[in-house]
Novice: 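Attaching a single structure in structure tokens format; questions to follow.
First listed ligand is number 1; within each ligand, the first listed atom is number 1.
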Amino acid sequence: MNEANDHDALFDLLAIDEADRADCVRVLQRSDDAEQVALVTAALLRSFGSFNQIRVDEPTQEPLVWLKAFFELTPHVVEWSRRHDIPERVTRDTLADVGRHLAISRRVTGEFGLQTWRWLTYHFTVRIFALGRLQFALERAAPTSEVDGVIKAGDWVLAVHIPESGPLLPDLVDESLASAKVFFAEHFPQHPVSVVTCDSWMLDPFLLDRVAPESNVGSFVRRFTPIGHSSDGHTDALYFVFRTRDLSRLDELPRDTSLQRAVLERFELGETWQVAWGYLRL
Ligand SMILES: CC(C)(COP(=O)(O)OP(=O)(O)OC[C@H]1O[C@@H](n2cnc3c(N)ncnc32)[C@H](O)[C@@H]1OP(=O)(O)O)[C@@H](O)C(=O)NCCC(=O)NCCS
């Protein structure tokens, strides 16, 4: 296969938009970043398969160095996934986050880049899996998520994440949760999980009071029992709803939907959005 075909196969697997492909080829063809890329690749490999028990070092914070390391590690992720009998569909859906996040970066900044490279370290240390509408990261519970009789620090749990991929329909959520129960028991029986945790701006109770009870968001949030721990989310809600963290733009942002109005109202009240924690039993 020639180089262009190799690139196409890689970019297809990572679901990279046409608009980003020429820039990705330029990233691959750079030769002055080899040392940095090698350091990042080594950092990812140290954590690879440890489900974040070994944290990923950050030898650099240069997004495109991380992107190139992700490209280099893609065959390794595919091979590891095959060895663990992960269905190809799951691997593809999981890796599609690369294209999704390049597209989000372009939408936010107007140019090629990867603002969210740190998020993608999950994928390239094989600690996250896309199962239908939701993504699940296998990890040990932090002391802040302890719940009497349910979660002890150090227990294996599934942290759920919600990619920007359309409506959060309750049926799709049901299916994802049901898949997660089967998938993790089958592939990682050595790390038994019975609880899904969520830490998100969406779990801030401020939101639940301001979206329709029957909305997809409302129904999703109500599945979780509050853990009673939260931290300042600052611009998280703003970023996920409006894809900006620029507080000077609040006046010009649209107020067409209940979600948009809720996010803006909180800033106007001078309050801080919370990233709140919750859990549900699988
Ligand atoms: C949050 C999200 C899952 C909502 O999905 P959804 O199924 O479309 O939401 P709902 O149907 O329950 O919508 C409830 C209200 O929010 C509005 N809304 C939903 N997503 C919106 C968005 N991205 N921007 C603005 N408004 C939005 C709907 O129009 C509706 O408004 P209305 O009450 O005025 O009619 C979806 O927007 C998304 O994928 N967001 C990005 C991912 C994310 O935030 N992840 C969490 C990271 S911690």
Novice: Any salt bridge between Arg266 and Asp204, counting N to O under 4.0 Å?
Specialist: yes

Novice: Scan the protein's non-hydrogen atoms and note whether one is under 4.0 Å from atom 18 (N) of ligand 1.
Specialist: yes

Novice: If you measure every N or O of Val217 against every N or O of ligand 1, does any of those distances drop under 3.5 Å?
Specialist: yes

Novice: Please list the nearest protein heavy atom to atom 20 (N) of ligand 1 with its residue and the distance rounded to 0.1 Å.
Specialist: Leu259 CD2, 3.6 Å

Novice: Going by the closest heavy atom to atom 3 (C) of ligand 1, which one wins out of Val275, Val160, Leu168?
Specialist: Leu168

Novice: Would you say Pro163 touches ligand 1, if touching means a heavy atom closer than 4.0 Å?
Specialist: yes

Novice: One pair to check against ring pair (Phe, Tyr, Trp, His ring centres under 6.0 Å): Phe129 and His187. What are the steps and the verdict?
Specialist: CA-CA 11 Å; Phe129 302 89; His187 296 285; 8.0 Å; no

Novice: Looking only at N/O atoms, are Asn216 and ligand 1 under 3.5 Å apart anywhere?
Specialist: yes

Novice: Do Arg210 and Ser258 pair up side chain to side chain, a donor and an acceptor below 3.5 Å, judged on atom types alone?
Specialist: no

Novice: Show your working on ring pair (Phe, Tyr, Trp, His ring centres under 6.0 Å) between Phe51 and Phe188 and close with a plain yes or no.
Specialist: CA-CA 11 Å; Phe51 302 108; Phe188 306 106; 5.2 Å; yes

Novice: Going by the atom numbers of ligand 1, which of them fall below 4.0 Å from some non-hydrogen atom of Thr257?
Specialist: 17 (C), 25 (C), 26 (N), 27 (C), 29 (O), 31 (O), 34 (O)

Novice: Do Ser258 and ligand 1 have an N or O pair less than 3.5 Å apart?
Specialist: yes

Novice: Quick check: does Phe240 get an N/O under 3.5 Å from an N/O on ligand 1?
Specialist: no

Novice: Salt-bridged, Arg223 to Asp174, with N to O below 4.0 Å?
Specialist: yes

Novice: Short list, please: which atoms of ligand 1 are under 4.0 Å from a heavy atom of Ser200?
Specialist: 48 (S)

Novice: With heavy atoms only and a cut-off of under 4.0 Å, state how Phe242 meets ligand 1: side chain, backbone, both or neither.
Specialist: neither

Novice: Are Arg261 and Asp256 close enough for a salt bridge, meaning some N to O gap below 4.0 Å?
Specialist: no

Novice: Carefully, step by step, assess Trp201 and Val241 under the rule side-chain contact (heavy atoms from CB on, under 4.5 Å).
Specialist: CA-CA 10 Å; Trp201 65 273; Val241 174; 3.5 Å; yes

Novice: Any protein heavy atom at under 4.0 Å, with atom 12 (O) of ligand 1 as the reference point?
Specialist: yes

Novice: Looking only at heavy atoms, is any part of Arg133 under 4.0 Å from ligand 1, and if so is it the side chain, the backbone, or both, or is it neither?
Specialist: side chain

Novice: Other members of the hydrophobic cluster containing Ile54, with the 4.5 Å side-chain heavy-atom rule, please.
Specialist: none

Novice: Which ligand 1 atoms are under 4.0 Å away from a heavy-atom of Pro167?
Specialist: 6 (P), 7 (O), 8 (O)

Novice: Looking at CG of Asn216 and CG of Leu172, how far apart are the two atoms once the value is rounded to the nearest 0.5 Å?
Specialist: 9.0 Å

